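What follows is a single structure, written as structure tokens, with notes after it.
The chains referred to below are lettered A, B, ... by the order of the sequence lines, with proteins before strands, and numbering in each begins at 1. All values reported here derive from a predicted model rather than from experimental measurement.
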Amino acid sequence: MKTRMPGRLVKRAFFEDAAERVAPRLLGKLLVRRTGTGAIAGRIVEVEAYLGPHHQTPDRAAHSHRGPTPRNEVIFGPPGHAYVYAIYGRYFCMNITCEPEGRAGCVLLRALEPVTGLEQMTENRGLTPAGARRAGIGGLPPVAHPPARTRDGWGTGEDAGGEVRAMEKFRRALTSGPGRLCQALEITRAADNGVDLLDARSALQVRDDGFRARRALVTARIGIRHAAELPLRFCIEDHGCVSGPRKMRGRVVAVR
DNA sequence: AGGCCGATCCTCT
DNA sequence: GAGGATCGGCCTA
């Protein structure tokens, strides 16, 4: 079965640059998983840049900080590939490699806006009873089932029973967070670490459907101890699917 | 060989 | 807002 993939593949040159420049430009691009039965896709709305040891600014939070090891070698390889690592024994996080081959630097994907395959994401995340068993979590959904998509948006268009708010909450729960988005798109280290995201044959791809984020909110990165003050987190301002605290100190910049 | 701890998520107070 | 789950990588002895 031939799965229809949205938009077009991003070019290699896009990632052949410093992570802190690639990161904001990545906002609005699509991360697409091809499955046996169709596509699962989300729009990138929150990212963080991690800098390689060659960089002028030392970044002790970066996995590449101490040089290449078997775990992080993909970061030192060619740009546009997936660096997937396991964290806290239960979750995976996904990065996209940047910089020319031989230099380190990558962008962590922290949140997506669900676009395609929401039912599959729901199951993958354990927000249905069957999925909960598969995902190995409790599986208490924000709402029992995702309300139907209408022409005007989610739910009925009115928010009579708080249905729109419930849908917001549900969408957030699907892909808002680096571990969550990997679970929703079935991303694992075993299957996806080192995959070329810019190859039409890959099961995981970064694509461009023409959406442009004109501005980005820049803040400190989340959940790190070292180099915690560097302004290397970028998100689409006020987007409902961004992870973390609702309001974070930062400044708005134009995306070149 | 052993210990520490993390670019997280979920649950309960 | 705090604590537990859970395990591989990396550092120290």
Side-chain angles (χ1 to χ4, degrees), chain A residues 19-20 22-23 26 31 44-53 55 57-76 81-98 104-112 114 121-129 131-143 169-194 218-235 241-248 250:
Chain A
E20 73 270 28
V22 175
L26 205 43
L31 180 64
I44 298 168
V45 299
E46 179 188 357
V47 296
E48 285 176 359
Y50 286 85
L51 312 178
H55 201 282
T57 305
D59 184 1
R60 296 216 298 139
H63 289 178
S64 60
H65 177 243
R66 297 167 192 274
T69 69
R71 177 209 196 192
N72 67 17
E73 63 183 359
V74 169
I75 312 177
F76 293 84
H81 289 241
Y83 165 55
V84 182
Y85 69 93
I87 188 168
Y88 294 102
R90 329 185 64 143
Y91 302 103
F92 295 102
C93 294
M94 174 187 163
N95 298 253
I96 305 177
T97 59
C98 300
C106 60
V107 176
L108 169 72
L109 304 186
R110 283 200 58 91
L112 308 177
M121 292 186 193
T122 303
E123 178 172 340
N124 292 346
R125 285 276 296 118
L127 301 181
T128 62
R133 259 177 273 122
R134 205 149 71 84
I137 62 178
L140 218 175
V143 296
K169 191 175 174 186
F170 185 82
R171 298 178 77 211
R172 251 183 80 73
L174 289 179
T175 51
S176 177
R180 288 173 171 182
L181 73 89
C182 284
Q183 204 169 43
L185 273 70
E186 304 171 19
I187 296 165
T188 64
R189 177 165 170 94
D192 301 305
N193 188 48
V218 189
T219 78
R221 294 173 294 182
I222 292 179
I224 53 173
R225 304 157 62 97
H226 304 298
E229 68 295 340
L230 295 180
L232 292 176
R233 172 176 176 259
F234 304 85
C235 54
C241 295
V242 168
S243 76
R246 304 312 304 148
K247 293 289 180 188
M248 267 190 80

At under 4.0 Å, does any side-chain N or O of [X] touch on OP1 or OP2 of [N]?
X	N	answer
R225(A)	dG6(B)	yes
R110(A)	dT8(B)	yes
R125(A)	dC10(B)	yes

Inset, instruction - Supply the atom-to-atom distance H65(A) NE2 to R60(A) CZ, rounded to the nearest 0.5 angstrom. - result: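 H65(A) NE2 to R60(A) CZ: 6.5 Å, rounded to 0.5 Å.
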Inset, instruction - Hey, could you give me the CG/OG distance between D59(A) and S64(A), rounded to the nearest 0.5 Å? - result: 7.0 Å
Can you measure [X] atom [atom1] to [N] atom [atom2] for me and round it to whole angstrom units?
X	N	atom1	atom2	answer
H65(A)	dG9(C)	NE2	P	20 Å
F234(A)	dA7(B)	CZ	P	18 Å
N193(A)	dG9(C)	CG	P	11 Å
I222(A)	dA7(B)	CD1	P	13 Å
H226(A)	dC11(C)	NE2	P	11 Å
R189(A)	dC7(C)	CZ	P	16 Å
H63(A)	dG9(C)	NE2	P	12 Å
I87(A)	dA5(C)	CD1	C1'	13 Å

Does [X] reach a base, just sugar-phosphate, or nothing at all? Heavy atoms under 4.0 Å.
X	result
G89(A)	base
R221(A)	nothing
A61(A)	base

Legend entry - Residue among L109(A), I87(A), L181(A) satisfying side-chain contact (heavy atoms from CB on, under 4.5 Å) with C93(A):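 Result for side-chain contact (heavy atoms from CB on, under 4.5 Å) with C93(A): I87(A).
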Inset, instruction - Please say which of I187(A), L108(A), D192(A), T188(A) ends up in a side-chain contact (heavy atoms from CB on, under 4.5 Å) with M94(A). - result: I187(A)
Side chain of [X] only, please: which of [options] is the nearest?
X	options	answer
Y91(A)	dC9(B), dG9(C), dA7(B)	dC9(B)
P178(A)	dC9(B), dC10(C), dA5(C)	dC9(B)
T69(A)	dC10(C), dG6(B), dC9(B)	dC10(C)
R66(A)	dC10(B), dA7(B), dC11(C)	dC11(C)

Inset, instruction - Check whether any side-chain heavy atom of N72(A) sits under 4.5 Å from a side-chain heavy atom of Y85(A), and report yes or no. - result: no
Inset, instruction - Please say which of R221(A), R110(A), R172(A) ends up in a salt bridge (Lys or Arg N to Asp or Glu O under 4.0 Å) with E46(A). - result: R110(A)
Inset, instruction - Just name whichever nucleotide pairs with dA5(C), Watson-Crick or G-U, keeping both distances under 3.5 Å, else none. - result: dT8(B)
Legend entry - Centroid distance under 5.5 Å and plane angle under 30°, Y50(A) vs dA7(B): yes
Inset, instruction - Please state the P separation for the pair dC5(B) and dG3(C) - nearest whole angstrom. - result: 16 Å
Legend entry - Distance, P atom - from dG4(C) to dC4(B), rounded to whole angstrom: 16 Å
